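This report concerns only the one structure given below.
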2 protein chains.
Amino acid sequence: MRPSKRDELVQEALKVFYQNGFTATGMDLLVKKTGISKTSMYKHFRTKDDLILAVLRLRDEQLRNWFFRRVEELATRPIEQVLAIFDVLDEWFEQPEFQGCMFIKASSEFQCADDPIYSQCTEHKKLMHSSILKYVLAIETDEGEIPSDVAEKLAEQFMLLMEGATVLKHMGVSNSAAQDAKLAAVSLLQGNGICGYDA
Amino acid sequence: MRPSKRDELVQEALKVFYQNGFTATGMDLLVKKTGISKTSMYKHFRTKDDLILAVLRLRDEQLRNWFFRRVEELATRPIEQVLAIFDVLDEWFEQPEFQGCMFIKASSEFQCADDPIYSQCTEHKKLMHSSILKYVLAIETDEGEIPSDVAEKLAEQFMLLMEGATVLKHMGVSNSAAQDAKLAAVSLLQGNGICGYDA
DNA sequence: AAGTAAATGTACCGATCTGTAAACTTTAGT
DNA sequence: ACTAAAGTTTACAGATCGGTACATTTACTT
């Protein structure tokens, strides 16, 4: 019902964790940054890990919603949507708050395979993967649909390019990571006999 | 010059930081795991961050030496060496100690742009990049050498594939990340008119 | 106006954090 | 055998860690 405190906490905690790291951020810092008392926090979440899980759930929802909404704003034909993915990636990189992928970072700090935080990071990537696969499967060529094994291989390769771009951008290795990835994607489509796009 | 304590410390600290994270690992845990007294540690390194920097220097040296030695053991012709990169990547992934890329993880925990740890992570990736570029530049096609702008684009794209594969493998999203990346690399080479290999 | 649920401040727990001080023992080279 | 460096143990400082107890205040419902 309330729009309030709990959501407010999760939203603010997201920013702090994102900029500052999970382990490195103490609950006392969250108190200072959010103005919410520690007692209230522990009423809403039994442990710090529970709060982190809630933050990751919010992030997953926000990011996927925004990402694919933008993709569909930028293009309508599936083949163009696939390439638009990399333009949206670039938009993300250019946001001033960009600090890499929160799930890559979380899974680095909580890398134990049976940690629920780790599992949730894996889940997020799998959801990204399956959304991308949908776009690839929807592509139609002159000979009809793409064989599903080809589509799956392409979707996987696009994921590789996206994650690589995210990492190299965040590490300050490449400024043009997203556009380089896009060019690679074009090559990969062409290599599989797909070229019904004009950009 | 003894072979001793200092190097021993850095080597053991590497393992602990790699498995356990940097912020999450306290100096007391290092004492327990290495058997070296805290006083000795602080004789060798003024701060924990200095120790981390030494660990990263060792890791950079170890990893790059091992990686490109293996590449050159697996193949002699540049075109084949480029593809062997992804086989070596796979070997790395299958090592039981594999826990992702230490530099990606370090730069996630120390993401402030002016942090020397962050800079050192960036540096490592740039060194990887330039080694890969060397292999690509050495490729000879029927029409002679590859234009340097094409080689640079390819090297960048191979980096994207490698980092993406490392992340997706570490996050448990894909088991075949390195081989998927290799197939993508083949496509990218073909897309640029390069196909003088037989695998 | 009374009742109730939510949020608050403050003070605290025991453990752990990075880093230091001082005194003692081992080791290596002359 | 003497010295000096390198290593050790033990104890500690001061801050911060995740998490809790308790008493109080706010704000909405009836």
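Letters A, B, ... are given to chains in the order of the sequence lines, protein chains preceding strands, and every chain is numbered from 1. As the structure is a prediction and not an experimental result, all values here were calculated from the model. Basis for what follows: all heavy atoms, side chains included, without hydrogens, waters or symmetry-related copies.
Side-chain atoms of A/Gln120 never come within 3.5 Å of backbone atoms of A/Phe103 as a donor-acceptor pair (strictly under, hydrogens ignored). For the pair B/Lys182 (side chain) and B/Asp90 (backbone), a donor-acceptor distance under 3.5 Å is absent. In this structure, the side chain of B/Ser176 does not engage the main chain of B/Gln179 through any donor-acceptor pair within 3.5 Å.
Residues A/Phe86 and A/Ala185 approach most closely at CE1-CB, 3.5 Å, considering heavy atoms.
In this structure, B/Met27 atom CE and D/dA13 atom P are separated by 20 Å, rounded to whole Å. The separation between A/Glu8 atom CD and C/dA7 atom P is 10 Å, rounded to whole Å. The distance between atom NZ of B/Lys32 and atom C1' of C/dT18, rounded to the nearest whole Å, is 17 Å. D/dT10 atom P lies 14 Å from atom CG of B/Asp28, rounded to whole Å.
When each of A/Thr25 and B/Gly35 is assigned the nucleotide of DNA chain D bearing its nearest heavy atom, the one mapping closer to the 5' terminus is B/Gly35.
By the 4.0 Å N-to-carboxylate-O rule, B/Glu73 lies close enough to B/Arg70 to be salt-bridged with it.
Distance NZ/A/Lys105 to NE2/A/His170: 4.5 Å, rounded to 0.5 Å.
In this structure, the ring of B/Phe93 has its center less than 6.0 angstrom from the ring center of B/Phe98.
Within 4.0 Å of B/Thr23, counting heavy atoms only, lies no atom of the nucleic acid at all.
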Can you list the steps and then say if A/Ile132 with A/Met162 is a side-chain contact (heavy atoms from CB on, under 4.5 Å)?
CA-CA 11 Å; A/Ile132 289 171; A/Met162 288 175 67; 3.2 Å; yes
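For the segment residues 36-58 of chain A, residues with any heavy atom less than 4.0 angstrom from an atom of DNA chain D are, sorted by number, A/Lys38, A/Thr39, A/Tyr42, A/Thr47, A/Lys48.
Comparing the axis of the opening five pairs of the helix from C/dA1-D/dT30 to C/dT30-D/dA1 with that of the closing five pairs yields an angle of 10°, rounded to 10°.
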